[in-house]
Amino acid sequence: MAAQTSSTQHIIVIGGGNAGFCAALAASDAGATVTVLERAPKKLAGGNSAFTAGLMRCAYDGMEDIDAIVELSDEQKRTTEFGSYSSQTFYEDLGRITEFKCDPDLAHTLTFKSHETLTWMKEHNIRFDAA
Ligand SMILES: Cc1cc2nc3c(=O)[nH]c(=O)nc-3n(C[C@H](O)[C@H](O)[C@H](O)COP(=O)(O)OP(=O)(O)OC[C@H]3O[C@@H](n4cnc5c(N)ncnc54)[C@H](O)[C@@H]3O)c2cc1C
């Protein structure tokens, strides 16, 4: 949820979950000053991310795509077979798990832009580990 007061002035983001903080970062990138309003008490800050154990599913094609996001150690590169997980498979998994009740356009954006999105988050100093 984001309320925009003007293009490059002061943006108010309502909700400090993953989406809210990404919106805040994007607004800051665009030169705005940003305020994030969160209704939860501090100890519950961060939204539902706390329930995910930090997990985010992401499409990738081989070790290089993983390395671009998580900075694998030399040992992990040497000893791990990462395989691949295509955007199309992610899209089909999301449809299957939700019994095709998800919005197809939003699901397509989520799955086909997942690697690009995590790369963007990493560029904004959000750190990931491979699970
Ligand atoms: C049990 C569980 C397990 C999950 N596991 C995974 C997983 O393994 N992998 C994965 O990728 N995803 C997982 N998810 C989904 C993931 O957590 C969510 O997709 C993601 O956290 C949603 O982020 P969000 O910012 O959109 O919403 P939220 O995290 O819900 O953040 C919304 C924030 O807005 C605040 N807010 C709401 N209304 C107001 C208001 N009026 N004023 C001020 N603040 C307000 C809320 O307090 C909250 O902090 C899981 C979710 C749950 C519940």
Side-chain angles (χ1 to χ4, degrees):
M1 294 183 280
Q4 186 169 330
T5 54
S6 90
S7 58
T8 55
Q9 293 182 7
H10 192 184
I11 303 291
I12 298 172
V13 176
I14 309 217
N18 195 5
F21 280 122
C22 285
L25 285 168
S28 177
D29 277 354
T33 58
V34 185
T35 300
V36 177
L37 299 178
E38 170 54 55
R39 74 174 172 185
K42 265 192 180 172
K43 66 176 182 174
L44 296 176
N48 276 320
S49 290
F51 297 107
T52 70
L55 292 175
M56 283 185 79
R57 190 176 287 220
C58 173
Y60 64 96
D61 184 13
M63 187 181 68
E64 287 75 17
D65 275 0
I66 298 282
D67 194 35
I69 296 169
V70 304
E71 292 174 11
L72 298 165
S73 69
D74 288 342
E75 187 183 353
Q76 283 175 308
K77 289 180 191 173
R78 208 175 44 250
T79 59
T80 311
E81 174 53 60
F82 286 97
S84 63
Y85 184 59
S86 73
S87 299
Q88 183 63 32
T89 303
F90 188 1
Y91 183 70
E92 289 166 10
D93 283 346
L94 192 58
R96 183 175 45 77
I97 287 163
T98 61
E99 298 178 340
F100 297 93
K101 290 176 186 156
C102 55
D103 180 293
D105 291 336
L106 287 178
H108 194 274
T109 299
L110 172 73
T111 53
F112 278 79
K113 294 204 167 191
S114 64
H115 190 271
E116 179 184 328
T117 302
L118 266 63
T119 302
W120 182 88
M121 290 172 75
K122 190 206 164 194
E123 286 166 3
H124 288 78
N125 298 319
I126 293 155
R127 287 171 296 160
F128 295 98
D129 284 328

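Inter-residue side-chain proximity for Asp93 and Arg96 is flagged as met; some heavy-atom pair is nearer than 4.5 Å. Between Tyr91 and Pro104, the closest side-chain pair of non-hydrogen atoms falls below 4.5 Å.
In the hydrophobic clustering of ILVMFWY residues, with side-chain heavy atoms under 4.5 Å counting as a link, Ile126 and Leu110 come out apart. Each of Leu94 and Met56 belongs to its own hydrophobic cluster when Ile, Leu, Val, Met, Phe, Trp and Tyr are linked at side-chain heavy-atom distances under 4.5 angstrom.
How far CG of Asp65 is from CZ of Phe82: 11.5 Å, rounded to the nearest 0.5 Å. Distance check: Phe128 CZ to Thr119 OG1 gives 9.0 Å after rounding to the nearest 0.5 Å. Here CG of Leu72 is found 9.5 Å from CD of Glu64. Values are rounded to the nearest 0.5 Å.
Here the side chain of Gln76 pairs a donor or acceptor atom with the backbone of Ser73 at under 3.5 angstrom. Side-chain N or O atoms of Thr98 include one that pairs as donor or acceptor with a backbone N or O of Gly95 at under 3.5 Å. At least one donor-acceptor pair under 3.5 Å links the side chain of Glu38 to the backbone N or O of Ala40. Under the 3.5 Å distance criterion, the side-chain polar atoms of Ser114 are matched with a main-chain donor or acceptor of Ala59.
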task = Begin with the C-alpha distance, continue with both residues' side-chain angles, and end with the deciding distance and a verdict on side-chain contact (heavy atoms from CB on, under 4.5 Å) for Tyr60 and Leu118.
result = CA-CA 11 Å; Tyr60 64 96; Leu118 266 63; over 6 Å; no
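Salt bridge annotation for Arg127-Glu71: absent, with no cationic side-chain nitrogen under 4.0 angstrom from a carboxylate oxygen.
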